Amino acid sequence: MSNDNTTSSKTVMPGGSDRASMDQFEQRILQKSMSNGSTTSSKTGTMDQLEKRIMQKSMSSNVSNSSSKTGNVSMDEFQERILRKSSIDSSDSASKPSLLAQSELSSFEQRVLEKAKAKSGDQEKSYQNSKLSSFEQRIQEKARSNPPVDSSLGKAPPVTRNASAFDPDDFVQQEEEATPRASDAIRYYSPARAQNRLESNENLDEAPPDEPNWRELEITYNDDSRPRGGSVGTEESGIGFVQEQAPLDGDGVGFGSLPLPEEHFSTDRYPPLEQIHSADEINVDNGGLAVATAVAPDDEPDYVYNAIEYDPDAKPPLHRNRRFRVYTYFSLVLIAVMAVLVVVKITTAAKQEEIVYEEINHQNSPSLSPTSSPITDREASGILEQLEGGVLYVRDQKFSDMERGDPRILALDWILHKDAQQLVSDDVNLYQRFALSVLAYSMDSRAWTYCGDPGEDYTKEECPIATKIDANTTIMKSYGLAWLSSASECDWFGVTCSTDGVVRGVDLSYNELIGELPYELTALAFIQALALSHNCIFGTIPPELGQMSHLLSLELHGNGLSGEMPQEIYDLEKLQLLNLAEQYGGERECNSTDGKMVDIKYRLGGLTRPREENFGLTGTLGDQIGVWRSMKGLYLHQNSFEGILSPEIGNLRYLRFLWLSDNFIAGSLPSTITKLQNLRHLRLSENFLVSSLPADLGRMNDIEILEVNGNSMFGEIPDGLYKMQKLTHLRLDDTMMAKEPWLTVPDEGFTGTISTLIGTLKDLEWLILTNNPLSGTIPTELGLCENLSVFRVHRTNVAGSMPQEICILRDKYLNSETGTGVLYSDCRPNNRTDEPFLKCECCSDCCDHTTGVCIADD
């Protein structure tokens with residue numbers, strides 16, 4: 001017997017809670033009996049006898065149990081009410097027996113629902129009357145399915161009742177059970193069975209002879225008017241059978257936990273019943289009345305909600321529904337399959353962007369490895385996508401768009417198949433190793449002078465370099481390992497890394513590098529120094545170099561670069577050294593491994609026809625120059641920069657070396673240049689400057705080299721110049737008698753005389769005043785410059801004779817041991833016949849003041 005069934009059967013047992021409900025209950029008993037009996041037309045008239053029998057039964061039951069404590073309530077009042085109701089009900093039922101029964105049943109069902117709602121309070125206000133019909137139908141079906149009595153056992157077997165199947169007739173029995181009566185024992189007969197017995201003139205108080213196994217319902221009530229003690233049996237006999245069992249406890253489970261209205265069992269209406277004794281068993285045919293069955297204590301659930309919370313139409317919990325579980329499992333499997341399909345689709349789409357090696361057949365060195373399963377795995381490992389997204393993205397390029405011999409394709413193949421390190425896509429050094437390998441392939445590493453050839457199998461690492469110790473000793477010394485070898489890129493020749501393995505510097509100067517600068521160098525995100533000077537590098541400077549934000553030093557001088565200096569170079573605000581000098585005028589040739597000759601005198605190394613002379617880098621030095629606040633060395637000489645020199649140059653307060661010689665810089669020398677008090681070298685020669693020297697030139701007292709020769713300078717030499725006590729080289733030459741297009745003003749050239757303050761420049765080594773309209777004589781104080789090694793004063797208007805103090809310097813540093821003239825003057829006969837313009841007995845070279853012809857006297 002299920003716990004749920006027990007709970008539900010007792011849910012509606014506490015019928016009415018007041019006198020009015022009892023009246024209606026009694027009336028429904030009679031109407032129920034009449035309606036059941038009316039189904040057979042031949043027995044309609046016997047209902048009066050049935051009613052009398054019921055009254056007699058009630059009276060006899062009261063008399064038989066008069067000795068018990070429960071017989072305190074008289075049945076007279078009950079009998080009278082039955083009589084009155086039967087007379088009225090019989091007359092009504094005679095006309096419309098079936099209709100009356102139906103209407104009364106509906107009224108009874110509504111009362112059951114209302115009382116159940118009152119019982120539970122606010123817990124189940126949402127129940128609808130429509131649910132009762134379904135509930136009743138299931139109750140009726142379940143009641144009909146109860147097993148018959150096993151007569152061979154001599155007693156009715158226990159029947160498992162289910163709340164979902166219950167006969168509406170059971171409501172009569174339930175309300176009787178729920179309502180304590182004055183009688184000690186109550187026998188229940190189905191109307192049909194009782195009618196049969198009445199017609200047979202059988203006494204309803206006696207046990208039927210054909211049904212010996214029956215017991216009366218015994219119910220015990222405690223002080224709080226809740227059922228205890230006996231339990232109920234089967235409905236085979238039409239009455240309640242009692243099965244022996246322990247009393248149910250009232251600890252919150254079973255029927256004992258369900259509260260009943262206090263007024264229902266108030267002592268003023270119905271005295272409390274101590275105990276109802278069981279009567280003799282009778283054998284009664286199953287007439288269709290409800291049967292009470294036993295409830296074992298261990299059948300009670302762990303926790304039972306108030307009975308009113310039970311929904312007869314409620315389905316089992318959703319998670320216990322087998323169909324729901326099947327559908328749930330199927331849905332989960334379907335979702336998993338869809339997720340796998342989505343992942344496969346995304347992966348397939350990503351693989352479609354991989355490199356298609358259509359033209360690479362692995363022919364000549366450097367060659368690509370043949371396609372095989374491991375190669376396919378490496379190509380599909382995500383390295384291509386990683387390099388495209390982290391390196392090639394700056395120009396939105398793909399490997400699949402590149403040609404077979406492209407250095408980036410060669411570098412990729414080396415990374416994938418030849419590099420012994422076999423990096424994967426998430427290795428932290430993937431970008432820098434790829435960038436350096438691109439540099440190696442772009443610069444024809446096998447043609448390098450040092451450490452560019454790793455061997456055919458890329459396993460050669462050692463690359464000793466001949467190092468001269470002294471004039472008679474040369475040793476082989478290793479300064480690093482070969483590029484593209486299996487060693488770490490930090491161990492490659494010329495590469496410097498920090499302790500965490502990040503490339504910080506690359507220096508491959510004077511190493512015969514041949515090719516164009518790859519923009520992939522920007523992948524060296526933390527590099528601070530890049531030196532590729534004095535090689536055969538041609539082409540333009542990639543503007544992407546401006547993204548190397550940590551760069552402090554960039555040295556590309558001594559190559560054959562051309563084109564405009566990218567404006568992005570000004571983005572390198574941390575630069576301290578920028579050397580892009582000597583991009584034209586060089587005489588360097590390099591032989592590549594494919595037999596081509598590269599000549600940096602021509603644009604693009606002379607590899608294109610017709611050859612075009614290379615004039616180096618172009619651009620201007622506008623106001624953007626002021627962003628280089630950390631600049632210490634700016635070398636742009638031997639290029640084709642033009643325009644005026646911006647006054648912003650004065651804001652580079654840390655600048656020490658400014659080499660702008662041999663360009664097309666025009667205009668005047670900005671006065672702000674004297675703010676560069678840390679400046680040591682100021683080289684502005686061979687430009688288009690038209691200017692005089694600033695009067696406060698002496699503020700730059702750290703100047704060591706001052707060169708303004710080859711410009712259209714004018715004015716006198718300011719006295720402030722002699723305050724440059726650290727000056728070693730002073731070149732004021734070639735500012736007069738310039739020819740077109742260099743001649744810009746007719747009175748060009750420095751004028752005036754050589755001040756006696758010249759003797760204060762103790763460190764002076766070079767003093768060149770050639771081709772100036774200077775006049776006067778040579779001061780003897782110049783002899784105090786004992787370090788003087790070059791002194792040229794020819795083609796000027798300086799007259800007189802060479803001081804003896806200077807001639808003494810010939811025995812020190814002013815000599816011709818170097819094979820060049822060191823002491824020039826106009827000491828030759830002027831115009832071949834006249835007296836020399838300046839007499840000199842110790843000069844190394846004498847020139848004709850009129851013709852300008854110079855002849856070495858040493």
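FYI, side chains are in, hydrogens and waters are out, and symmetry mates aren't considered; it's all heavy atoms of this structure. Treat the numbers as computed from the prediction; the structure is a model and nothing was measured.
To the nearest 0.5 Å, atom CD of residue E686 and atom NE2 of residue H637 are 12.5 Å apart. With values rounded to the nearest 0.5 angstrom, L578 atom CG is found 9.0 Å from L551 atom CG. Remark: L655 CG to I673 CD1 distance equals 8.5 Å, nearest 0.5 Å. With values rounded to the nearest 0.5 angstrom, T751 atom OG1 is found 9.0 Å from N772 atom CG. Within the model, atoms OG of S562 and CG of L604 stand 5.5 Å from one another, a figure rounded to the nearest 0.5 Å. Here CG of N579 is found 11.5 Å from CZ of F657. Values are rounded to the nearest 0.5 Å.
By the disulfide bond (SG atoms under 2.5 Å apart) test, C785 pairs with no residue at all, sequence neighbours left out. For K762, there are no salt bridge (Lys or Arg N to Asp or Glu O under 4.0 Å) partners at least two apart in sequence or on another chain.
No donor-acceptor distance shorter than 3.5 angstrom exists from the side chain of N787 to the backbone of L764, with no hydrogens or angles considered. Formation of a donor-acceptor pair under 3.5 Å by the R810 side chain with backbone atoms of C842 is found in this model. A donor-acceptor pair under 3.5 Å links the side-chain atoms of S844 to the main chain of L823, judged by distance alone. At distances below 3.5 Å, not a single donor-acceptor pair connects side-chain atoms of S442 with backbone N or O atoms of L439. Using a distance-only test at 3.5 Å, with no hydrogens or angles considered, no donor-acceptor pair links the side chain of T780 to the main chain of P803. A donor-acceptor contact shorter than 3.5 Å is absent between the side chain of D444 and the backbone of Y441. Checking side-chain atoms of N614 against main-chain N and O of Y602 turns up no donor-acceptor pair under 3.5 Å. Judged purely by atom type and a 3.5 angstrom limit, S640 uses its side chain to pair as donor or acceptor with the backbone of F615.
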Worksheet item: Can you check side-chain contact (heavy atoms from CB on, under 4.5 Å) on L693 and M713, steps first, answer last?
Response: CA-CA 8 Å; L693 294 176; M713 305 298 294; 4.1 Å; yes
Item to complete: Test T496 against V503 for side-chain contact (heavy atoms from CB on, under 4.5 Å), laying out the working first.
Response: CA-CA 6 Å; T496 302; V503 174; over 6 Å; no
Worksheet item: So L689 and V708, side-chain contact (heavy atoms from CB on, under 4.5 Å) or not? Walk me through it.
Response: CA-CA 9 Å; L689 293 174; V708 294; 5.8 Å; no
Item to complete: Could you please spell out the steps behind the side-chain contact (heavy atoms from CB on, under 4.5 Å) verdict for L636 and W659?
Response: CA-CA 6 Å; L636 301 177; W659 289 28; over 6 Å; no
Item to complete: Check the pair C846, C843 against disulfide (SG to SG under 2.5 Å), reporting the backbone distance first and the verdict last.
Response: CA-CA 7 Å; C846 290; C843 289; 5.2 Å; no
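The side-chain hydrogen bond (donor to acceptor under 3.5 Å, both in side chains) analysis of residues 529-555, with sequence neighbours excluded, yields the pairs R395-E544, S509-S533, Y510-H534, H534-R588.
Summarising the local packing, OH of Y570 is surrounded by more than 12 heavy atoms from other residues, nucleotides or ligands at distances under 6.0 Å. By the 6.0 Å contact criterion, OH on Y635 is enclosed, its count of non-hydrogen atoms from other residues, nucleotides or ligands being greater than 12. Residue-environment remark: OH (Y813) stays at or below the threshold of 12 foreign heavy atoms within 6.0 Å. Within 6.0 Å of the CG atom in D396, the count of heavy atoms belonging to other residues, nucleotides or ligands does not exceed 12. Around atom CG of L577, more than 12 heavy atoms belonging to other residues, nucleotides or ligands sit under 6.0 Å away.
One side chain, T850 or N830, offers a donor N or O that lies under 3.5 Å from an acceptor on the other. Inspection of the S646 and D623 side chains reveals an N or O donor paired with an N or O acceptor under 3.5 Å. Of the N and O atoms on the side chains of N651 and E648, at least one donor lies less than 3.5 Å from an acceptor on the other residue. In this structure, a donor-acceptor pair under 3.5 Å is absent between the side chains of D702 and Q677. No side-chain donor-acceptor contact under 3.5 Å links S668 and S691. A donor atom on one side chain and an acceptor atom on the other are not found under 3.5 Å apart for Q583 and Q638. For Y479 and T467, the side-chain atoms include at least one donor-acceptor pair closer than 3.5 Å.
Of the options D733, D734, T796, N709, a side-chain hydrogen bond (donor to acceptor under 3.5 Å, both in side chains) to N771 is made by D734 and by none of the others. Screening L732, N687, V690 against N711 for a side chain to side chain contact (heavy atoms under 4.5 Å, CB included) leaves a single residue, N687. Residue L532 forms a side chain to side chain contact (heavy atoms under 4.5 Å, CB included) with just one option from L517, N511, L554, and that option is L517.
A distance below 2.5 Å between sulfur gamma atoms is not met by C847 and C827.
The two residues G616 and Y584 come nearest to each other via the heavy atoms N-CB, 3.7 Å. Between V391 and Y519, the closest heavy-atom pair is O-CE1, 4.1 Å. The two residues G494 and L508 have their closest heavy-atom pair at CA-CD2, 4.5 Å. Smallest separation of non-hydrogen atoms from E512 and T449: CG-OG1, 3.0 Å. In terms of heavy atoms, P566 sits closest to I541 at CG-O, 3.3 Å. For F714 against S692, the heavy-atom pair with the smallest separation is O-CB, 3.2 Å.
Contact of the L561 side chain with the F538 side chain is not registered, since no non-hydrogen atoms from C-beta on lie closer than 4.5 Å. You'll find the side chain of I754 reaches within 4.5 Å of the side chain of L769, heavy atoms only. Counting heavy atoms from C-beta on, the side chains of E765 and S789 come closer than 4.5 Å. Side-chain atoms of S825 and M802, non-hydrogen and from C-beta on, do get closer than 4.5 Å to each other. Within the 4.5 Å cutoff, no side-chain heavy atoms of R653 are placed close to those of K675. A 4.5 Å side-chain heavy-atom check between W628 and E573 finds every atom pair outside the cut-off. In this structure the side chain of F837 never reaches within 4.5 angstrom of the side chain of D848, judged on heavy atoms. The closest side-chain heavy-atom distance from L682 to I703 is below 4.5 Å.
Looking at R603 and E612, a side-chain N of the basic residue comes within less than 4.0 Å of a carboxylate O on the acidic one, giving a salt bridge. Checked for salt-bridge contact, E704 and K726 miss the test: no charged N lies under 4.0 Å from a carboxylate O. Using a cutoff of 4.0 Å between basic side-chain nitrogens and carboxylate oxygens, K601 and E587 are scored as salt-bridged.
Below 30°, between 30° and 60°, or above 60°: for W766 and H729 the angle between ring planes is between 30° and 60°, a tilted geometry.
Checked against the 6.0 Å centroid criterion, the rings of F493 and W448 do not qualify as a close aromatic pair.
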